[in-house]
Amino acid sequence: MAKPKFTTHTGMVDILPDEAHKWHYVESVIRKTARLFHFQEIRTPIMEPTELIARGVGQLTDIVSKEMFAFDRGDDHYVLRPEGTAPVARAFVEHNLQQRGGTQNLFYIGPMFRAERPQKGRQRQFHQFGAEVIGADDPFADAQVIAFMMHIYKEIGVKNMTLKINSVGDPESRKAYKSALQEYFKPHFEKLSETSQERYEKNPMRILDSKDEQDQPFLKDAPSILDYLNEDCEEHYAKVKSHLELLGIDYKEDDRLVRGLDYYTKTAFELTSTDLGSQDALGGGGRYDLLIEEIGGQKTPAVGFASGIERLMIACEALNLPLGEPDQPDVYIVCWGEKARLWALEHQPEFHKKGISCMIELAGKSMKAQMKDANRNNARFAVIVGEDELEKGEFTLRDMKSSEEEMVSLSKILEKLSAE
Ligand code: AMP
């Protein structure tokens with residue numbers, strides 16, 4: 001076959017009809033979980049002001065420094081959103097959502113965009129679901145967000161996962177920790193990777209994030225943030241852990257897990273899976289008590305998580321989890337002749353009124369082709385309509401699984417199928 005003239009951009013993927021049911025299934029589990037915890041959906045635009053993302057995600061991150069799809073139109077600077085938290089935080093401030101009262105327990109599902117080098121589990125357009133609790137500094141909120149995330153994976157049946165958790169402290173705790181890290185890395189500076197050298201001055205905590213082989217020998221003995229937490233952060237961390245225990249959620253402490261931006265505070269967590277390959281993170285999140293102030297709102301504590309849907313699907317594939325079933329029509333009306341087709345068109349709404357999905361072949365193909373089409377679409381029943389049937393007012397109802405057939409009136413067919 002000749003190469004098509006137009007194809008998707010690198011790292012941007014079509015979701016084809018045969019996969020749609022998997023997405024519907026995953027989304028339905030997310031929505032069901034949100035209902036169980038009573039988190040409400042928020043939908044923000046796909047494009048945001050570039051400055052919001054630069055501040056809200058952080059100038060020093062790879063996302064902002066190298067991976068933004070950004071363009072200008074007139075005086076406005078647009079960026080395709082690379083993540084969901086900054087947009088939700090913006091909406092919270094813009095619409096004064098705190099006026100609704102209580103904590104804002106929100107969730108979202110949608111496409112995100114990052115100009116990364118595509119590989120398995122890494123695309124340029126991908127999909128995230130996530131949740132945010134805005135307005136609570138209580139460790140209850142951290143535990144609730146983690147419970148929300150874990151509930152989804154459990155419901156879908158994902159296994160071989162590890163929930164890693166850490167505390168990244170607050171600016172006060174981090175100040176001492178950053179100096180300790182610089183002190184520690186100083187004698188090794190020349191041997192660190194270029195990226196880590198760049199991070200040394202501004203953001204030494206992110207050196208701990210390095211996957212570079214060159215840095216690994218120096219990471220093991222680096223000081224631990226846990227030795228630098230002040231009393232408030234220490235207590236918060238201890239409570240998050242004991243709440244997780246109360247919830248029966250297993251976790252592993254990992255003092256190397258960092259979110260190296262100043263507005264991330266206290267809790268950080270990541271969910272990994274051994275079924276994913278090198279991009280092994282299913283999702284992650286943490287507390288960001290200083291972000292809302294950073295983007296122009298009042299200081300408001302918040303905590304959230306974000307997970308990748310494609311990664312969840314890769315894990316499910318590895319585990320042979322089915323992810324729902326393709327939709328199938330309850331009935332396919334197979335028509336012999338034009339009169340029968342018109343009958344089908346006229347009576348299709350009666351099926352629909354009863355909630356019975358009913359399909360008619362639309363291209364005017366032969367009866368044989370229609371039967372094939374009914375099979376291909378996995379129709380549960382076929383109703384065969386010809387001139388004789390129209391005269392008698394009785395039609396062949398064929399059970400497509402057992403191949404049993406009976407002659408019945410339309411009202412009997414409707415009765416039988418609505419009972420199915
Ligand atoms: P992050 O916003 O970077 O913390 O990412 C949260 C989750 O989104 C990750 O754990 C992945 O599951 C998913 N994710 C992030 N970047 C990509 C990408 N480029 N392609 C596919 N999934 C991604």
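In listed order, ligands and their atoms are each counted from 1. Numbers here are sequence positions counted from 1.
Within the 4.0 Å heavy-atom criterion, the part of Q128 lying near ligand 1 is the side chain and not the backbone. Residue E116 touches ligand 1 through its side chain alone, judged by heavy-atom distances below 4.0 Å. When heavy-atom distances to ligand 1 are checked against a 4.0 Å cut-off, L282 comes that close only through its backbone atoms N, CA, C and O.
Scanning the protein for heavy atoms near atom 4 (O) of ligand 1, the closest one is R259 NH2, 3.6 Å. Remark: minimum distance from atom 11 (C) of ligand 1 to any protein heavy atom is reached at R311 NH1, 3.3 Å. Remark: minimum distance from atom 14 (N) of ligand 1 to any protein heavy atom is reached at F126 CE1, 3.6 Å. Looking from atom 13 (C) of ligand 1 to the surrounding protein, the closest heavy atom is G308 CA, 3.6 Å. Looking from atom 21 (C) of ligand 1 to the surrounding protein, the closest heavy atom is G121 O, 3.2 Å. Annotation: atom 3 (O) of ligand 1 to nearest protein heavy atom, R114 NH1, 2.9 Å.
The ligand atoms of ligand 1 that sit less than 4.0 angstrom from a heavy atom of G283 are 10 (O).
Residue contacts with ligand 1: A281 is placed with a nitrogen or oxygen under 3.5 Å of a nitrogen or oxygen of the ligand (distance criterion only). Polar contact with ligand 1: present for Q123 (N/O pair, distance under 3.5 Å). Of the N or O atoms in G284, none lie within a sub-3.5 Å distance of an N or O in ligand 1.
Donor-acceptor pairing under 3.5 Å is lacking for the side chains of D255 and N166. Using modelled atom types, one finds a donor on one side chain and an acceptor on the other under 3.5 Å when comparing Y251 with E245. Between the side chains of Q144 and D142, no donor N or O sits under 3.5 Å from an acceptor N or O. Neither side chain, D227 nor S224, offers a donor N or O lying under 3.5 Å from an acceptor on the other. Checked by atom type, the side-chain pair D215/S196 shows a donor-acceptor distance below 3.5 Å. For the 3.5 Å distance criterion, the side chains of T272 and D280 fail to qualify, holding no donor opposite an acceptor.
Taking the ring centre of Y237 as origin, the terminal cationic atom of K241 falls inside the region bounded by 6.0 Å and 45° from the ring axis.
Exactly one of F39, F107, Y108 qualifies for a side-chain contact (heavy atoms from CB on, under 4.5 Å) with E132. That residue is Y108.
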